[in-house]
Number of protein chains: 2
Amino acid sequence: MEKNLKRMATMHKMQVTGLELFYKQGFYNTSIDDILKQLDLSKGAFYYHFKSKEDFFISILQNLVVRKVYSMLIEPIEGHDNPLDLITNCMEEALQTAEHNENDYGFVLSNFMNEFNGKNPEIMKYLNDTLKIWEVNLVSALQKGKFNGYVDRHVDCEGVASYIISSFLGIRMLMVEGSATALRYRYMQQLKFYFRAIAQKQTA
Amino acid sequence: MEKNLKRMATMHKMQVTGLELFYKQGFYNTSIDDILKQLDLSKGAFYYHFKSKEDFFISILQNLVVRKVYSMLIEPIEGHDNPLDLITNCMEEALQTAEHNENDYGFVLSNFMNEFNGKNPEIMKYLNDTLKIWEVNLVSALQKGKFNGYVDRHVDCEGVASYIISSFLGIRMLMVEGSATALRYRYMQQLKFYFRAIAQKQTA
DNA sequence: AAAATCACAAACCCGTTAGTCGGTAATATT
DNA sequence: AATATTACCGACTAACGGGTTTGTGATTTT
């Protein structure tokens with residue numbers, strides 16, 4: 001009973017540190033020893049808990065990344081208010097998180113997709129599926145917005161959703177180098193501008 | 001004289017193959033031997049021409065990537081026509097190139113930025129500078145467009161430029177997995193939509 | 001209390017990879 | 001013709017990284 005708790009605790013520590021380093025330095029560029037050194041643990045400990053480095057990474061995706069995507073990117077846009085406002089706030093939050101050098105998990109996803117593309121189909125599938133979940137939820141939020149008269153009925157919700165995701169992933173990429181605050185500010189302005197264009201037209 | 005030509009030819013071959021593999025598999029994930037095997041050359045040949053793997057990569061950036069960024073992303077938007085049209089066509093071209101699995105060099109840049117971020121400041125500087133060149137040229141094209149009455153005078157050209165780059169890099173990232181054609185089509189639609197919003201208002 | 005299991009440590013194996021170095025055939029220079 | 005330089009070969013080294021294995025103290029089960 002106590003044993004199981006210890007097991008979970010150690011695994012969790014490894015996963016948290018692993019995600020941190022994989023995200024900073026890349027998966028292939030981070031050795032298992034790098035992670036273990038930070039935790040004062042040994043190879044034996046690692047291979048006692050995980051089958052392989054790849055298996056370890058997948059467990060990180062399942063236990064840490066997917067949940068965070070839900071809480072940071074999906075739950076905040078659920079509700080019956082104007083989805084364009086909800087999305088605006090959600091993006092703002094995510095970019096501010098990013099600015100403080102914490103992980104916003106949308107970028108984490110695209111970062112890893114970049115690295116694993118063409119190398120590891122299984123991991124790519126996980127990443128892709130997770131991104132898809134975000135997209136699907138954006139689309140349905142927009143459609144609800146259409147129904148409730150917040151979004152113009154002529155807009156292509158799929159198109160808007162992937163445009164939102166694209167621009168977010170792109171700006172996030174630019175923010176790693178260069179003045180993050182200025183980029184965020186400008187990005188939010190243009191996003192709002194774009195949203196005004198797809199909002200329900202108030203014909204006078 | 002003849003010798004120098006041979007030298008250049010060999011170096012060029014190595015650079016072309018190097019870029020191809022680095023782009024496909026990543027820099028750290030591609031060994032020098034991988035490149036040499038494809039060319040039937042030896043380690044000796046490589047280190048005769050280049051100081052190190054890093055030095056080799058920088059030479060690729062200078063000789064191949066920067067030039068391509070100019071010819072594919074910058075020259076097409078120079079001119080006195082409506083910059084929004086020029087940019088639209090340029091993005092369309094780039095995405096079509098990407099769809100045929102050829103390199104569009106904007107994405108090549110962001111791809112490598114992703115990989116080298118936090119690892120190699122010198123290479124990051126090269127990449128960042130190149131991206132900056134693209135951005136600066138976008139801004140000045142937009143400003144000229146303002147002057148010539150194509151772009152609304154209230155728009156923030158810097159903001160628009162980085163929004164364009166962001167969304168492009170983002171959609172390019174999404175295109176590596178998933179249906180590229182559909183994504184391109186939707187992206188272009190939303191981009192045009194956005195451009196209509198920042199175009200000169202024709203007050204009736 | 002004895003036996004079994006857990007959670008790890010530490011040394012080791014082995015493939016890979018950046019970089020070195022001594023050689024050499026072809027070409028250019030004197 | 002003798003010498004020097006160029007462009008390259010291929011064997012080698014040292015370090016690293018993923019994974020294995022053996023061992024061991026602490027804890028749990030019987």
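Just the heavy atoms: all of them, side chains too, but no hydrogens, waters or symmetry mates, feed the values below. Below, chain A is the first sequence line, B the second, and so on; all start at residue 1.
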Could you list the protein-to-nucleotides 12-18 of chain C atom pairs, N/O on both sides, closer than 3.5 Å?
{"unit_1": "C:dA18", "atom_1": "OP1", "unit_2": "B:K53", "atom_2": "NZ", "d": "2.8"}
{"unit_1": "C:dA18", "atom_1": "OP2", "unit_2": "B:I32", "atom_2": "N", "d": "3.0"}
{"unit_1": "C:dA18", "atom_1": "N7", "unit_2": "B:K43", "atom_2": "NZ", "d": "3.2"}

Has A:K53 got its NZ or CZ under 6.0 Å from the middle of the six-membered ring of A:F27, at an angle within 45 degrees of the ring axis?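 Yes - A:K53 lies over the ring of A:F27, closer than 6.0 Å to its centre and within 45° of its axis.
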Rounded off to whole Å, could you give me the [atom1]-to-[atom2] distance for the [X] and [N] pair?
X: B:E54; N: C:dG19; atom1: CD; atom2: C1'; result: 14 Å
X: A:F46; N: D:dT20; atom1: CZ; atom2: C1'; result: 14 Å
X: A:I35; N: D:dG19; atom1: CD1; atom2: P; result: 12 Å
X: A:Y48; N: C:dA10; atom1: OH; atom2: P; result: 18 Å
X: B:K13; N: D:dA7; atom1: NZ; atom2: C1'; result: 12 Å
X: B:L39; N: D:dA7; atom1: CG; atom2: C1'; result: 15 Å
X: B:H49; N: C:dG19; atom1: NE2; atom2: P; result: 17 Å
X: B:F57; N: C:dG19; atom1: CZ; atom2: C1'; result: 19 Å

*Looking only at side-chain N and O atoms, does A:T10 come under 4.0 Å of OP1 or OP2 in C:dA7?*
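A:T10 to C:dA7 OP1/OP2: no side-chain N or O under 4.0 Å.
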Please check if the distance between the ring centroids of [X] and [Y] is under 6.0 Å.
X: B:F168; Y: B:W134; result: yes
X: A:Y194; Y: A:Y163; result: yes
X: A:Y28; Y: B:Y28; result: no
X: B:Y126; Y: B:F57; result: no

When we call it a touch if two heavy atoms are under 4.0 Å apart, what does B:D40 touch: a base, just sugar-phosphate, or nothing? sugar-phosphate
*asked:* How about CD on B:E20, more than 12 heavy atoms from neighbouring residues, nucleotides or ligands closer than 6.0 Å, or not?
replied: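 Yes - once you tally the heavy atoms of other residues, nucleotides and ligands closer than 6.0 Å, there are more than 12.
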